[in-house]
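By convention in this document, chain letters (A, B, ...) are assigned in the order of the sequence lines, proteins followed by strands, and residues within each chain are numbered from 1. The analysis underlying the following values was restricted to heavy atoms, covering all of them including side chains, and did not include hydrogens, waters or symmetry mates.
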Protein chains: 2
Amino acid sequence: MLETARGIIAAKGLRSLKVRDVAEAADCSIGSVYNEFGDFDGLILTVNRETVQALSRRLVAVPGDDPIRQLHGFAETYLDFAVANANLLRSLFEHRMEDDRPFPEDILGMVMQAFALMYEPLRRLMPNRDPEEIALQARMMFSAVHGIISLGLEERMVAVPPERLRGQIAQFVDTYLSGLGLAPLRMRSTD
Amino acid sequence: MLETARGIIAAKGLRSLKVRDVAEAADCSIGSVYNEFGDFDGLILTVNRETVQALSRRLVAVPGDDPIRQLHGFAETYLDFAVANANLLRSLFEHRMEDDRPFPEDILGMVMQAFALMYEPLRRLMPNRDPEEIALQARMMFSAVHGIISLGLEERMVAVPPERLRGQIAQFVDTYLSGLGLAPLRMRSTD
DNA sequence: GCGCTATTTTGAACAATGTTCAACACGGAT
DNA sequence: ATCCGTGTTGAACATTGTTCAAAATAGCGC
């Protein structure tokens with residue numbers, strides 16, 4: 001049942017998700033979907049919850065021996081995930097609840113935890129900085145990379161080819177780290 | 001009529017926009033809304049079109065004498081606009097059409113033109129770089145700033161206070177420019 | 001002013017879709 | 001077999017985008 005919902009979102013976008021389609025594909029009644037998930041938002045949120053879990057799993061698996069390499073790894077992993085699951089990520093970031101109901105605590109926590117993954121390598125690179133400033137820095141880097149990738153993959157806006165994006169992201173991380181006074185992983189092309 | 005639609009989106013978000021509400025507020029029939037805008041998407045797109053126009057107007061008004069100051073101005077102007085028109089910006093970037101109908105050419109053009117605004121100052125700062133690379137760079141900076149601001153203002157995710165965001169954005173632009181080998185406008189805090 | 005035609009406006013009816021809930025089905029305990 | 005709790009069902013309802021034939025209005029020639 002969850003599978004089919006996720007399948008529909010992934011294939012045709014959140015707007016194409018219909019309760020009746022899910023019920024039919026799962027060979028059960030409409031009511032059963034409601035018994036399971038409470039309401040439509042509940043279904044979507046369950047899918048989103050698993051999306052952020054899947055993303056987190058991949059991010060956590062990035063090797064952490066070298067902090068610079070790790071930051072590159074995060075960005076590249078995020079890109080790979082976004083390319084493979086564009087609609088699922090959009091569902092996570094763009095879905096708004098009915099009536100301003102509060103965003104589920106646990107999903108919020110998982111997203112924050114994803115932000116926080118960048119904290120450790122940044123702390124190692126800037127050991128004397130204020131911890132809170134590093135936390136903000138981590139969130140900012142995450143947001144910047146997220147912005148580049150999500151706008152970059154937006155087909156509506158003449159998407160940048162993923163291969164090109166990969167190079168851009170790497171260059172962005174290098175440039176930004178260099179701006180922080182840290183040695184980049186590779187040399188930038190001569191200007 | 002447009003006013004009321006924009007008002008509803010700005011105040012309560014795109015999801016709260018209803019054809020009937022617009023018709024009632026504009027004191028006309030439902031059908032008239034359709035005569036004017038074709039369909040619901042047409043109404044939304046008209047609002048979005050004016051949103052991007054308003055944003056463009058403000059960005060174009062940023063003084064261009066000093067390229068670094070101009071880039072800071074773009075970022076700060078974007079932040080101000082996003083703070084004042086959060087829901088309108090979200091409508092512009094998050095609204096998906098029915099049935100994968102193509103994104104309107106003219107809105108796409110205006111967004112691209114906004115991306116391209118950063119081209120000129122970047123070119124002045126890096127006169128020897130390949131033009132196409134500068135164009136990509138411009139789009140990337142726009143996207144990064146957009147990401148930082150849009151995630152930063154997301155109330156669902158424990159929004160960063162706008163004043164704090166302002167500082168972060170300025171610091172981000174400085175850091176990035178510094179990474180490109182260009183002198184920052186202000187000194188970064190000592191670490 | 002009148003008659004006629006073209007254009008615009010109207011809102012009842014329709015379609016799609018999320019939601020509810022009383023009825024039903026099944027399972028196990030007595 | 002009876003009864004009770006639990007889970008399932010899908011018809012009915014509410015909301016909301018959409019259509020379209022009819023009514024209203026505007027324009028125009030006389």
Side-chain angles (χ1 to χ4, degrees), chain A residues 1-51 87-88 90-104 107 156, chain B residues 1-51 87-88 90-104 107 156:
Chain A
M1 197 142 121
L2 242 176
E3 300 303 327
T4 64
R6 174 168 36 239
I8 292 173
I9 296 180
K12 298 189 297 184
L14 182 55
R15 284 194 60 158
S16 298
L17 184 67
K18 311 285 142 111
V19 182
R20 283 167 177 77
D21 291 350
V22 174
E24 187 176 9
D27 198 43
C28 69
S29 72
I30 298 172
S32 293
V33 180
Y34 279 81
N35 288 340
E36 192 70 21
F37 299 104
D39 62 0
F40 197 55
D41 274 348
L43 172 58
I44 297 170
L45 288 175
T46 306
V47 173
N48 287 352
R49 186 172 289 114
E50 296 200 351
T51 299
N87 279 330
L88 291 176
R90 275 198 272 269
S91 169
L92 174 61
F93 282 105
E94 295 181 3
H95 171 62
R96 319 253 142 216
M97 306 241 179
E98 213 88 46
D99 307 323
D100 305 349
R101 270 192 295 176
F103 197 67
I107 296 186
R156 311 185 291 178
Chain B
M1 196 140 122
L2 241 177
E3 300 304 326
T4 64
R6 175 171 33 240
I8 292 174
I9 296 179
K12 298 190 297 184
L14 182 56
R15 282 195 61 158
S16 297
L17 184 66
K18 310 286 142 110
V19 181
R20 282 166 177 77
D21 291 349
V22 174
E24 188 176 8
D27 197 45
C28 69
S29 72
I30 298 171
S32 294
V33 180
Y34 279 81
N35 288 341
E36 193 70 22
F37 301 102
D39 62 359
F40 197 55
D41 273 349
L43 172 58
I44 297 170
L45 288 175
T46 305
V47 173
N48 287 352
R49 186 172 288 113
E50 298 202 350
T51 299
N87 279 330
L88 291 176
R90 275 198 271 269
S91 168
L92 173 61
F93 281 106
E94 295 180 2
H95 171 62
R96 318 258 141 211
M97 306 240 179
E98 213 87 46
D99 307 324
D100 305 349
R101 271 191 295 177
F103 198 65
I107 296 187
R156 310 184 293 178

Taking only residues two or more places apart in sequence or in another chain, which ones pass side chain to side chain donor-acceptor pair (under 3.5 Å) with T4(B)? none

Going 5' to 3' through nucleotides 13-22 of chain C and flagging B where a protein heavy-atom sits under 4.0 Å of the base, S where only the sugar-phosphate is that close, and - otherwise, we get B---BBBB--

How long is the line joining CD of E36(A) and P of dT6(D), in whole Å? 16 Å

Which residues satisfy the salt bridge (Lys or Arg N to Asp or Glu O under 4.0 Å) test with R156(B), sequence neighbours excluded? E154(B)

Residues two or more places apart in sequence or in another chain: which of them pass side-chain contact (heavy atoms from CB on, under 4.5 Å) with S91(A)? I9(A), L14(A), I44(A), N48(A)

Partners meeting side-chain contact (heavy atoms from CB on, under 4.5 Å) with E3(A) (sequence neighbours left out): R6(A)

Return a table of donor-acceptor pairs under 3.5 angstrom between the side chains of residues 20-27 of chain A and protein atoms on other chains or two or more places apart.
none

By ring-ring contact (aromatic ring centres under 6.0 Å, His included), which residues pair with F93(B), not counting sequence neighbours? H146(B)

Hits for side chain to side chain donor-acceptor pair (under 3.5 Å) against T46(A), two or more places apart or cross-chain, chain-then-number order -> none

Interface residues of residues 42-51 of chain B with DNA chain D (non-hydrogen, below 4.0 angstrom): none

Could you encode protein contacts along nucleotides 22-27 of chain D as a string, one character per nucleotide from 5' to 3', using B for base contact, S for sugar-phosphate-only contact and - for no contact, with a heavy-atom cut-off of under 4.0 Å? ------

Under the rule for ring-ring contact (aromatic ring centres under 6.0 Å, His included), what residues qualify as partners of Y34(A), not counting sequence neighbours? none

Determine whether a donor-acceptor pair (N or O, by modelled atom type, separation under 3.5 Å) exists between the side chain of S32(A) and the backbone of C28(A). no

Distance test, side-chain N/O of S32(B) to OP1/OP2 of dT9(C), below 4.0 Å: no

Pairs touching residues 29-39 of chain A that satisfy salt bridge (Lys or Arg N to Asp or Glu O under 4.0 Å), sequence neighbours left out: D39(A)-R101(A)

